[in-house]
2 protein chains.
Amino acid sequence: MSKKIQKRDAEASKALIISNAIQLFSKKGYASSSMDELAKLCGLNKAMVFYYFKNKKGLYEAVMTQVLEEIQQVVLEENVKYTKPIEELESFIRTYAKYACTHPYLPSLLLKELSDSGAVVPEMLFGAMRQLFALFSDILNRGEEKGCFHDTNPMVLYFMVLGALNLMVTTKPLRVAASQKEDIVLDTCAACDMTEIADYIVDKMKKMLKEPK
Amino acid sequence: MSKKIQKRDAEASKALIISNAIQLFSKKGYASSSMDELAKLCGLNKAMVFYYFKNKKGLYEAVMTQVLEEIQQVVLEENVKYTKPIEELESFIRTYAKYACTHPYLPSLLLKELSDSGAVVPEMLFGAMRQLFALFSDILNRGEEKGCFHDTNPMVLYFMVLGALNLMVTTKPLRVAASQKEDIVLDTCAACDMTEIADYIVDKMKKMLKEPK
DNA sequence: CCTAACTAATCAACTGGTTAGTTAATTATA
DNA sequence: TATAATTAACTAACCAGTTGATTAGTTAGG
């Protein structure tokens, strides 16, 4: 039996709050996001936010958990299609890039949190991010064992890839604005789309890992 | 004539406010930094902040300008010692890494601002960052003309380098905490120091740019 | 099948505390 | 003494979180 449309639906209200909170937190940051504004965006009473999520931090944790679990699931799901480390690495980068581009709140939330060592939710941040980095790390380690990768430092390489991809997404408006008034000499890659950028990074990663130290 | 110690010294008060504001903004972010707390940190009356910087945003702009101009000056000063693009690139990375490590408020402030396309001060951000990126871009372009670099995309490479370096600084406490409870398999590079990391990135950059596409 | 009792979801109005920013008076210095 | 620097006290808006009442669905008993 399909769920009939109800005036009162706890799950729907909860999901509505989270989905608006994702937008608000990613746009304004944790401190500047007002629960009054959020309630107005949802068309619900502010007390509902506290009824379902206890407090602001609780809501934020729920938001971060959902967002991080989603990207992890997408990347992991794509990863199982490949067996060779090189292909897995390619898949990782391309899948993340595509998702980050179509869900720009992810780079925004992630960079905000990482720029402060998890100021709001330090205890759960690395836990929630562990899986994704663990996969990346594992791909590189297996590649090194098999002899197709050389001199890998997973943590640094992870931040090179994620740093570049995330920053290319979050700075897009800034780069477009700059390209319009800036001298033509300085190319801010304003016209590049994320697929090209992913291609470029994949190519450079291969070159980085090909030869031994 | 040396400046004698005065009870009232506008320049000294201004500098005191900026220096405390750098710490506060980098630690708590723009929205969570209170001007009452700042005044207390400085041992000055809160009205002085508004007397010298008009409003909170004005102070923040002054902070960002000073911080960005300082790193630019340091990198540019070091750059003039070299002539070959490869050496210049090495110098850029090593100098930035060293400065970021000894002045960790820089990565924090920069990532916070870039994670939001300059939410607080968009109009001045790219202007203030232009010089640094212009130098990086110029090094790569000259290298390509001379034939020592190949297939360069300055914007993406810039974010790969700065993204990795800045994230390695800001996530340090998180990575150290993770290494203590995490399984041993997952290496978060908690013991690495920034000099090693800079060496690693320099080496990888050379490999990336060596061969043509 | 109807209704009374119960539970879960929703709301308006409030509270105590904090915030950026102002003002008018006061002090030090050149 | 004129002016620049400094202060205490204030305001108006905002914010996270609470409370007590109310409504909509659900269930059980007659």
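Residue numbers start from 1 in every chain, and the chains themselves are labelled A, B, ... in the order their sequence lines are given, proteins ahead of strands. Every heavy atom of this structure was used, including side-chain atoms; hydrogens, water molecules and symmetry mates were not.
Put simply, A:Ser13 has no side-chain N or O that comes within less than 4.0 Å of OP1 or OP2 on C:dA9. For B:Tyr52, a side-chain nitrogen or oxygen approaches OP1 or OP2 of D:dT6 to under 4.0 Å.
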| note | Given protein heavy atoms under 4.0 Å, the one-letter contact record of nucleotides 11-20 of chain C, with B base, S sugar-phosphate only and - none, is simply BB------SB

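Aromatic ring pairs are classed by plane angle as parallel below 30°, tilted from 30° to 60° and perpendicular above 60°; the pair B:Tyr105 and B:His103 is perpendicular.
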| Is there a side chain to side chain contact (heavy atoms under 4.5 Å, CB included) between B:Leu38 and B:Leu59 once you walk through the steps? | CA-CA 11 Å; B:Leu38 175 62; B:Leu59 171 63; 3.4 Å; yes

| said: Using the rule given for side chain to side chain contact (heavy atoms under 4.5 Å, CB included), can you reason through B:Gln23 versus B:Asn20, listing the C-alpha separation, both sets of side-chain angles and the distance that settles it, and then say yes or no? | reply: CA-CA 5 Å; B:Gln23 299 303 321; B:Asn20 280 99; 5.7 Å; no

| said: Between B:Gln131 and B:Glu69, is the side chain to side chain contact (heavy atoms under 4.5 Å, CB included) condition met? List the steps. | reply: CA-CA 9 Å; B:Gln131 269 191 73; B:Glu69 270 174 10; 5.8 Å; no

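Salt-bridge formation is detected for the pair B:Asp199/B:Arg94: a Lys NZ or Arg NE/NH1/NH2 atom is positioned less than 4.0 Å from an Asp or Glu carboxylate oxygen. For the pair A:Asp138 and A:Arg142, the salt-bridge criterion is met [side-chain N within less than 4.0 Å of a carboxylate O].
The nearest whole Å value for the distance from the NZ atom in A:Lys14 to the P atom in C:dT10 is 12 Å. One interatomic measurement links the two molecules: CG of B:Leu38 to C1' of C:dG21, which rounds to 14 Å at whole-angstrom precision. Between B:Tyr51 atom OH and C:dA25 atom P the separation is 17 Å, expressed in whole Å.
Defining each end axis of the helix from C:dT7-D:dA24 to C:dA30-D:dT1 as the rotation carrying four pairs' C1' atoms onto the next four, with five pairs an end, the two axes are found to diverge by 10° to 10 degrees.
Figure legend: cation-pi geometry between B:Lys112 and B:Tyr30 absent, as NZ or CZ is not positioned both under 6.0 Å from the six-membered ring centre and within 45° of its axis.
Of the residues listed (A:Leu132, A:Val161, A:Ile201, A:Val74), the one engaging A:Tyr96 in a side-chain contact (heavy atoms from CB on, under 4.5 Å) is A:Leu132, and it is the only one.
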